[in-house]
Each structure stands twice: as structure tokens, then as C-alpha cells.
Amino acid sequence: MNRLILFDIDGTLVAGGPAKEAFHDALLEVFGTVGPIRDWDFSGKTDPQIARELLSADGLDAVTIEAGFPALWNRYLGELERRLPARPTRLLPGLVPLMEALRARADVALGLVTGNMLRGAELKLAPVGLAGHFPVGGFGSDHEQRNELPGIALARARAHWGIEFDPDHVIVVGDTPRDVECGKHHGTRTLGVATGRFSVTELRESGADEVLEDLAETARVLEILTG
């Protein structure tokens with residue numbers, strides 16, 4: 001095993017689900033405000049970063065925000081779990097054959113780099129059958145800044161498999177320029193996929209090593225991920 005592939009979740013592996021509504025209601029209940037959530041850009045950010053930005057924009061101070069975070073995450077994750085059966089996440093095109101092919105390879109390890117809280121990641125992956133596919137990861141519950149998450153995932157991969165993965169053999173896969181940025185920050189390769197709100201052109205301009213419309217062409221994706 002000498003290759004590590006780190007996937008983003010929202011817009012890369014899955015779409016849909018009730019996360020934004022659960023987040024909205026949790027913010028309102030715990031802090032009494034949701035800030036300018038309607039027009040806020042969530043893409044590529046960690047859950048704590050999003051919450052802090054929204055609450056700060058509405059005038060709450062850092063001490064108040066930090067004090068309310070434990071209750072916020074407890075409420076948000078509870079709401080997410082409660083709502084998912086009625087509005088489950090859906091798997092994006094090509095993921096079933098791609099995951100089957102990757103899991104069959106002895107030279108490939110799989111992980112996550114996502115702004116989701118760890119429990120939120122688990123909840124979003126469960127409806128699409130991907131829970132347990134990713135033994136390691138870096139999550140929003142680990143650090144508020146996304147650029148720190150690949151390093152956390154790499155440290156966990158080293159501890160889990162006992163392997164020091166060469167950055168040239170690590171690739172971050174995501175649908176936003178921030179996914180690309182966090183991979184580049186740690187010297188990994190990057191694959192941008194235009195399955196979220198960013199186009200192929202925008203992902204290419206962000207500096208991604210490779211860009212695809214989606215992950216549907218299994219042979220081509222495997223060539224990029226393992227070549």
C-alpha cells in the first residue's frame with residue numbers, strides 16, 4: 001500500500017440531504033440568530049468556520065460563540081440524524097463502481113478530508129452505503145481551518161497503517177477551490193470534480209492538477225488516482 005486518496009464529502013461523494021436546514025434550526029435555537037445564512041457561501045468551509053462567520057456577521061463576540069459551540073454541535077447533529085431518513089443524501093454518479101475498484105486494490109488507502117464534523121460525516125455517508133469505507137480522515141471537528149485537515153488525515157493514516165505516505169502518492173479529491181488549496185498546502189496532488197457549484201474552468205484556475213466533470217468514467221478516474 002503506497003497511495004492515499006482523500007475525498008471531500010459534500011458535492012464530491014454525495015449531494016442533497018437536510019444539513020443546511022438542520023444547521024439553520026440549531027443556530028436559531030442555541031444562539032437566537034442564523035445570521036445572513038440565506039446568501040452565505042458554505043462551499044469548502046468547515047462547519048465551525050461557517051457558524052463563526054454567520055454569528056460574527058450578526059454581531060456576536062468570540063467568547064459567546066465559543067461558549068455556545070458544544071450545544072450547537074449537539075443540536076445540529078441530532079437534527080441531522082432525525083431528518084436524514086426522510087431526506088437522505090444521494091450518491092453522485094460513478095461512485096459505486098469507483099469505490100468497488102479502489103477497495104479491491106492492495107496499493108490504495110482511502111480517507112476523508114471534509115469540513116463536516118466527524119459525526120456529521122458518518123451520518124451523511126450512511127444512507128449511501130459508504131459508512132466505514134474511510135478508516136481515517138481530517139474533519140471540521142478537528143480544526144476550524146480546512147488547510148490543516150490534510151495534515152491531520154496524513155498523521156492518522158501513518159498511525160493507522162504504519163506508512164509514511166509520500167505526498168506525490170497522496171491526492172485530495174474535491175469539488176471546490178478550497179479543496180484544491182488544502183491539498184496544495186500540504187504538497188499533495190489534487191483532483192477537482194465539477195459536481196458542486198464550481199465549473200471545470202474555475203477548478204482548473206484554482207490550480208488543481210487534474211479536473212473532471214464528474215467521477216462517472218471509472219477507468220479515467222482510476223488512471224488519475226492511481227497513475
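As a basis for the values below, the full set of heavy atoms in this structure was taken, side chains included, without hydrogen atoms, waters or symmetry mates. Numbering starts at 1 and runs along the sequence shown. Owing to the predicted nature of the structure, the values given are computational and were not obtained by experimental measurement.
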For this session: Could you state whether Leu203 and Val193 fall into the same hydrophobic cluster, counting links through intermediate Ile, Leu, Val, Met, Phe, Trp or Tyr residues with side-chain heavy atoms under 4.5 angstrom apart?
Result: no
Problem set entry | Salt-bridge contact Glu202-Arg197 (side-chain N to carboxylate O under 4.0 Å) | no
Exercise. Should we say atom CZ of Arg87 is surrounded by more than 12 heavy atoms from elsewhere, each under 6.0 Å from it?
Worked result: yes
Exercise. With no hydrogens and no angle check, is any side-chain donor or acceptor of Asp179 less than 3.5 Å from a backbone partner on Asp175?
Worked result: yes
Exercise. Salt bridge or not for Asp142 and Arg156, using N-O below 4.0 Å?
Worked result: yes
Exercise. Only one of Lys124, Arg146, Arg178 forms a salt bridge (charged side-chain N to carboxylate O under 4.0 Å, His left out) with Asp8, so which one is it?
Worked result: Arg146
Problem set entry | Lys/Arg-Asp/Glu bridge criterion (N-O < 4.0 Å) met for Arg52, Glu66 | yes
For this session: With the side chain counted from C-beta on, respond yes when Leu225 and Val108 share a heavy-atom pair under 4.5 Å apart, and no when they do not.
Result: no
For this session: Would you please test Asp166 and Asn2 for side-chain hydrogen bond (donor to acceptor under 3.5 Å, both in side chains) and show each step?
Result: CA-CA 8 Å; Asp166 186 316; Asn2 64 354; over 6 Å; no
Exercise. Does CD belonging to Glu217 count more than 12 external heavy atoms closer than 6.0 Å?
Worked result: no
Exercise. What distance do Arg82 atom CZ and Leu77 atom CG have between them, rounded to the nearest 0.5 Å?
Worked result: 13.5 Å
Exercise. At what distance, to the nearest 0.5 angstrom, does CZ of Phe31 lie from CG of Leu54?
Worked result: 11.0 Å
For this session: Kindly work out whether a path of hydrophobic side-chain contacts (I/L/V/M/F/W/Y, heavy atoms less than 4.5 Å apart) joins Leu123 to Phe139.
Result: no
Problem set entry | Distance in Å, Tyr76 OH paired with Met117 CE, rounded so as to fall on 0.5 Å steps | 9.0 Å
Problem set entry | Pair Arg189 + Asp168, salt bridge at N-O below 4.0 Å | no
For this session: For Leu98 and Leu222, work out which heavy atoms get closest and say how close.
Result: CD1-CD2, 4.0 Å
For this session: Measure across Thr176 and Ser43 and return the closest heavy-atom pair with its distance rounded to 0.1 Å.
Result: CG2-CB, 4.0 Å
Problem set entry | From Thr114 atom OG1 to Leu149 atom CG, the distance as rounded to the nearest 0.5 Å | 8.0 Å
For this session: State, to 0.1 Å, how close Gly35 and Asp58 come at their nearest heavy-atom pair, and which atoms those are.
Result: CA-CB, 4.1 Å
For this session: Please step through side-chain contact (heavy atoms from CB on, under 4.5 Å) for the pair Leu154 and Val170, ending with a clear verdict.
Result: CA-CA 9 Å; Leu154 283 165; Val170 179; 3.8 Å; yes
For this session: Taking the side chain as every heavy atom from C-beta outward, state whether Arg3 and Ile171 have any pair of such atoms under 4.5 Å apart.
Result: no
Exercise. Which is it for Ile163 and Arg158 under the side-chain contact (heavy atoms from CB on, under 4.5 Å) test, yes or no, and what are the steps along the way?
Worked result: CA-CA 5 Å; Ile163 297 170; Arg158 183 168 57 247; over 6 Å; no
Exercise. What are the two closest heavy atoms between Leu80 and Ala19, and how far apart are they?
Worked result: CD1-CA, 3.8 Å
Exercise. What's the shortest heavy-atom distance between Pro150 and Gly183, and which atoms?
Worked result: CG-N, 4.4 Å
For this session: Please check if the side chain of Thr46 supplies one atom and the backbone of Glu144 the other of a donor-acceptor pair under 3.5 Å.
Result: yes
Exercise. With distance as the sole test, does His185 use its side chain to make a donor-acceptor pair with the main-chain N or O of Val180 at under 3.5 Å?
Worked result: no
For this session: Tell me, with the steps shown, if Leu212 and Arg220 meet side-chain contact (heavy atoms from CB on, under 4.5 Å).
Result: CA-CA 9 Å; Leu212 295 173; Arg220 175 62 178 142; 4.2 Å; yes
Problem set entry | Backbone of Leu118 reached by a side-chain donor or acceptor of Ser141 within 3.5 Å | yes
Exercise. Can you check side-chain hydrogen bond (donor to acceptor under 3.5 Å, both in side chains) on Asp214 and Thr195, steps first, answer last?
Worked result: CA-CA 6 Å; Asp214 56 35; Thr195 43; over 6 Å; no
For this session: Please lay out, stage by stage, how Glu181 and Val172 fare under the test side-chain contact (heavy atoms from CB on, under 4.5 Å).
Result: CA-CA 10 Å; Glu181 180 185 338; Val172 172; over 6 Å; no
Exercise. Under a single-linkage definition using a 4.5 Å side-chain heavy-atom cutoff for Ile, Leu, Val, Met, Phe, Trp and Tyr, are Met1 and Leu112 assigned to the same hydrophobic cluster?
Worked result: no
Exercise. When you check the gap from the basic side-chain N to the acidic O, do Arg83 and Asp25 get nearer than 4.0 Å?
Worked result: yes
Problem set entry | Side chain to side chain, Arg103 and Leu110, heavy atoms closer than 4.5 Å | yes
Problem set entry | Geometric class of the Phe69/Trp73 ring pair [parallel <30°, tilted 30-60°, perpendicular >60°] | tilted
Problem set entry | Gap separating the NE2 atom of His169 from the OG1 atom of Thr188, nearest 0.5 angstrom | 12.5 Å
Exercise. Atom OG1 of Thr89 and atom CD1 of Ile9: how far apart are they, to the nearest 0.5 Å?
Worked result: 9.5 Å
Problem set entry | Connected via hydrophobic side-chain network under 4.5 Å: Ile152 and Leu4 | yes
